Amino acid sequence: MAYKRQRPPSPSAAQKRSRGEAKNVTVGTALPPDEEGDDGAFVPVWKQTVTDEQGRRRLHGAFTGGFSAGYFNTVGSKEGWVPKTFVSSRTNRHKDQANAASQRAEDFMDEEDLAEAAESRQLETAQGFASIGVAEHGANDGFFGLFVIEQDTVGVKIAQKMGWRRAQGVGRKVRRLARLDEAMGVASGDATSEHTFAPTDACTMVPLAEEVRRKGLGHRPEARLARTSEKEAASSPSLVLTSLGNSTTSIKPKSVQAKNSSFGVGVLNDTGSDDEDPYELGPKITLNKSIGKEKKFKKPSKFPKSAVAGHTFLTKRELVGSALSASRPPHNGKTPLNGFTIATQSLETKRKFPPPTIPPGWTSARSLVHTSDMQSFPSVADAAKSSTLDAKARASLLHETLLPGKSVFDFISKETRDHIAALTGKTDLPQGLGQSASDGYQAADQAQSKDLWKFVPVLDKAVAAAALAKGAAGWMPYAENQKKRARYVSFLELKAGLKNDLPERLDGVSTSVWVKELHEFAHAAEVFKPSSGIMASRFISSASTRSSAAEPGSSLLRQPAAVPEDPAEQAAKLSMYGAMTRSKLPFHPARLLCKRFDVKSPPEVPTHVDNFNSKATTAEAVSKSSMDEIRHLTLVPNPQLPKTLQGSVPAVLAPEYHAIVDVESNEALLTERASEDLFKAIFGNDADEDDD
Amino acid sequence: MPPFPTTPIARLTGHNGIVHAVTYSSGSSSYILTGASDRTIRLYNPLKAPPDSEAPSASSTYAPGLVSKYSAHGYEVLSLDVDRDNEKFVSTGGDKTVFLWDVQTAQTIQRWSGHNARVNRGVFAGSADSVIVTGSFDGTVKLWDTKTRNWKPIMTLDDAKDSVTDVAVFDCEILCASVDGRVRSYDIRMGGCEVDVIGYPVTSLAVSKKGTEMLVSSLDSAVRLIDRTNGQLLKAYRDDAFVNTELRVRSTLGLNDSVVLSGSEDGMVFAWDLLEGECLHKFRHAEMREVKGKGALNGKEKRKKDIVSAVAFCPTRREWASAGGDGNVVVWGM
């Protein structure tokens, strides 16, 4: 309800003037200050009034009614004051008003609002109401038009999009004088100039058939015209597109009834037009008084060609004929349009004239050159075929310097050349020299290595390291092919970042095979990396498969190789329990665990080493990344390290970390106390004496 | 040689499935806590359950001697352990979760989930029972802190190569028995783990009161007493009728470590003399009687329900309990 302009909370200096003061220098007498209106001057809050749209006070004083939502902007209600008990709407809403009428929006409206609401209410027809027949007919009888929705045909919509308007004709714009007289009824010949206008609305005509006028004696076509046309228009409006628009006037056949003429014109009859001569005598012949093209549309012509569609009168024989023509199978499978017949005669096309005949004995002034010599020239290809020269010979013939490049035959061996010669049957092939490549081309693989890097498959560094570690732990694929295993290891090392040269490539192995193998390695590393978590406990790696297939006679069923049994297990099976079956694992309990068991932490707890050594993992202290780092250091055998250190690094080094603790003796207690002089020198005399 | 209790004095009924765990309460050992595959834990007073008591027909009525019922498990209950002041107990089972219960309110105090498979055993450890040690089918032993609300284990011991079936605690040592045929003793004080190879999947583990011996049941139908100081075999206990080849059967020491008691897969309970290694008594759990002579099933074929999966010896009285596949617990006394 922003009826009033919002005011700033504190007025600016310019606004702090009294209300009626003129703000601008004005000429003349200032208007008296508008008490009611809001002139934008500063009014203190307590003086401001809230008004409704009609300018009436909206808020009253507490004693005069408070808010204006009373009965007709007054205090009270229609019934006056009615005592009521308070009912909380929170728990039981409108409990006492169960039978009371519910409030409507109208209850809160004043007369203006009600009037507005009444105005805004309109009677409308429902959308999508289909009309039967043509809209014009419905419009004639009373209410029917109300319920008929005029829906434009698609053609009308398209035409409207193309710029056509209703009650306009179709076609080019016409330049003519403005026709003001029809609208205003004043003579306007001199006042108007020429403008372009849309052509007047016209009926399109579909000439049905040529009318053969074989009317009998006493036939009066005009007399029947009206009736037939009316019937026609009424019965079959869809047959003829009478008008693009829906103006009734254009299709209504002009009344053929002669105008009743009378002498003089009454005041009521006077249309104010000067054109009509009221004193005209004689038969009332409506002459066309307009200029231009519309002449032929205004007046129904007598001639059948220009006659309004549907006015043709067909004899029975014609109908039969047209029916016959219609029954004939049309050439494109469609019946012709209504009113059309298929032409029996083909349209006369442009005449074609045969070319002129050359008189006998005529010879051209131009003569062809040496038609007989043409055959003696061989084509280049033929010449090349018949030539016995090779490229080198031609080059020497042409005194060309030899190209620096060498032939293939310079590099292939003699045997290969002979083989090619035997295959092709050509004996004139140059000798195979079997040269080795020149310096620049010596090592193709080295030169290509840069390109080859991109063929090396991507493998996660951690995965590579893990697969490598697994290999170091005991198992690795490609057991049957040690060379391949070596390549696999080198690939893993490359991927783990231990090496950085291109993976090894066997001589005579094509790049594609090499790349394929590398991809196989990458896949194998993914597959054979040690499983982690609970999966690790579910599987044990299978025993390496010795190539039993090579041995003849061995069955295809592969017997699992007997896993060498743990000596401890063997001893246990033999009930030789004791030292054989007992082994020791390192175990470093977490500090919290020691605390919970009320024991001191085991003496050898170097804080950062204690975790990776034992498999037991604690939930505290060492971060995962550093754990991984340590694990990587221990698991990935470092080629730089001497062999002896590998594998058993922590086990060997571990004791070195710890100081040897002798529980029985305490060095600090056993050593002699330093002399008193030393203490005195350090701490001074008084300190010692105070203690005493 | 003190006399062995051979008379059934109580029958605890009500469980609907195999009773997997049975344990005496701490202190005076006057109550028996049982856990079964019907996902409930029941607390019984054996004095109020006469040997001729039958299971109530309606499940809502309390069986004789039943004090309380604890139900929060969604799977079978596999182990129980009561803390030393009878305030709390720990239960583990098929729901991969370790439950710490309050005895009075029958509510769980804490639940730890961290195991990846069913938890076979959970025992209290540490000073003032501040740690719970659990062994799981996922091959790990986890140590949980009961003093804090930490949901993570203090430590995970994943040396075992197979399912950990039993865990025992003696002082500052944690012993874990695993299906990989090994018993691992983790010494927290000294920091180190001793692995004893048994050779067969171990199903049950118990430590003597002195802590120098351990009783190991394995799936070769034998119970062994192993010297913990050097890993040597002190005694192996077998019997012709004793079958333990595929199921988890508990064994225990009793009568001040003079008797070895073990259940069997064919519904028998065996009592061996610890020193001599000879079978003293055989009991048929379902029939609640002692069997003399061969004691083998007389023409009856072995059924799954016949298994005596758990036995417990009362630490204070001459009394022990056997829990069977028929859902009943029989208490034997003098």
Side-chain angles (χ1 to χ4, degrees), chain A residues 532-541 565-606 609-611 613-622 654-655 658 661 663, chain B residues 114-117 125-128 130-131 137-141 143 145-148 150 152-163 169 171-174 180-182 184-200 218 220 222 224 226-227 230-234 236:
Chain A
S532 55
I534 82 163
M535 291 303 282
S537 63
R538 293 277 172 276
F539 299 100
I540 60 161
S541 53
E565 211 175 5
D566 190 0
E569 298 249 0
Q570 281 176 328
K573 292 269 157 71
L574 296 168
S575 259
M576 293 165 66
Y577 295 98
M580 290 275 283
T581 58
R582 176 159 274 209
S583 56
K584 215 163 166 147
L585 282 178
F587 168 63
H588 298 288
R591 249 192 237 105
L592 179 61
L593 190 65
C594 298
K595 200 178 155 197
R596 289 280 178 266
F597 275 85
D598 268 348
V599 292
K600 256 167 83 177
S601 287
E604 62 262 79
V605 187
V609 196
D610 62 347
N611 282 308
N613 209 352
S614 110
K615 270 187 172 176
T617 50
T618 65
E620 59 168 14
V622 185
H658 325 309
V661 178
V663 189
Chain B
H115 279 296
N116 290 319
S127 66
S130 53
V131 176
F137 186 74
D138 64 2
T140 61
V141 173
L143 298 109
D145 192 2
T146 61
K147 290 215 166 165
T148 60
N150 200 351
K152 271 181 163 174
I154 304 173
M155 215 172 166
T156 300
L157 316 173
D158 53 359
D159 291 309
K161 302 286 185 296
D162 210 329
S163 165
V169 173
D171 193 21
C172 287
E173 286 169 274
I174 296 168
D180 63 1
R182 279 161 177 79
R184 293 174 176 82
S185 314
Y186 297 92
D187 193 337
I188 292 161
R189 181 174 282 134
M190 300 307 290
C193 171
E194 281 186 338
V195 185
D196 283 310
V197 181
I198 305 300
Y200 302 93
S218 57
D220 59 339
R224 289 181 178 85
I226 304 240
D227 191 345
N230 53 15
Q232 279 174 356
L233 178 70
L234 295 174

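Residue numbering restarts at 1 for every chain, and letters A, B, ... go by the order of the sequence lines. No experiment lies behind these values; they were computed from the predicted model shown. Quick note: numbers below take in every heavy atom, side chains included, and nothing from hydrogens, waters or symmetry partners.
Residue Ile174(B) touches chain A through its side chain alone, counting heavy-atom pairs closer than 4.5 Å. Of the atoms belonging to Ala579(A), it is backbone heavy atoms, and not side-chain ones, that fall under 4.5 Å from chain B. Both the backbone and the side chain of Lys584(A) come within less than 4.5 Å of a heavy atom of chain B. Neither the backbone nor the side chain of Asn150(B) comes within contact range of chain A; no heavy atom of the residue lies under 4.5 Å from a heavy atom of that chain. If you measure heavy-atom distances from Asp196(B) to chain A, the contacts under 4.5 Å come from both the backbone and the side chain. In this structure, chain A has heavy atoms under 4.5 Å from both the backbone and the side chain of Ile198(B). Contacts between Asp227(B) and chain A at a heavy-atom distance below 4.5 Å involve the backbone alone (N, CA, C, O). Contact annotation for Ala125(B): both backbone and side-chain heavy atoms come within less than 4.5 Å of a heavy atom of chain A.
From Arg596(A), atom CZ reaches atom CE of Met155(B) across 14.5 Å, with rounding to the nearest 0.5 Å. For the atom pair Leu143(B) CG and Leu593(A) CG, the distance stands at 5.0 Å (nearest 0.5 Å). Expressed to the nearest 0.5 Å, how far CG of Leu592(A) lies from OG1 of Thr148(B) amounts to 7.0 Å.
Closest of all the heavy-atom pairs between Gln232(B) and Tyr577(A) is CG-O, 3.6 Å. Closest approach of Ala572(A) to Val197(B), counting heavy atoms only: CB-O, 3.7 Å.
In this structure the side chain of Ile188(B) reaches within 4.5 angstrom of the side chain of Phe587(A), judged on heavy atoms.
Residues satisfying the salt bridge (Lys or Arg N to Asp or Glu O under 4.0 Å) test with Asp598(A), not counting sequence neighbours, are none. With sequence neighbours excluded, the residues that form a salt bridge (Lys or Arg N to Asp or Glu O under 4.0 Å) with Arg182(B) are Asp566(A), Glu569(A).
Within the 3.5 Å criterion, the main-chain N or O of Phe597(A) finds no donor-acceptor partner in the side chain of Ser127(B).
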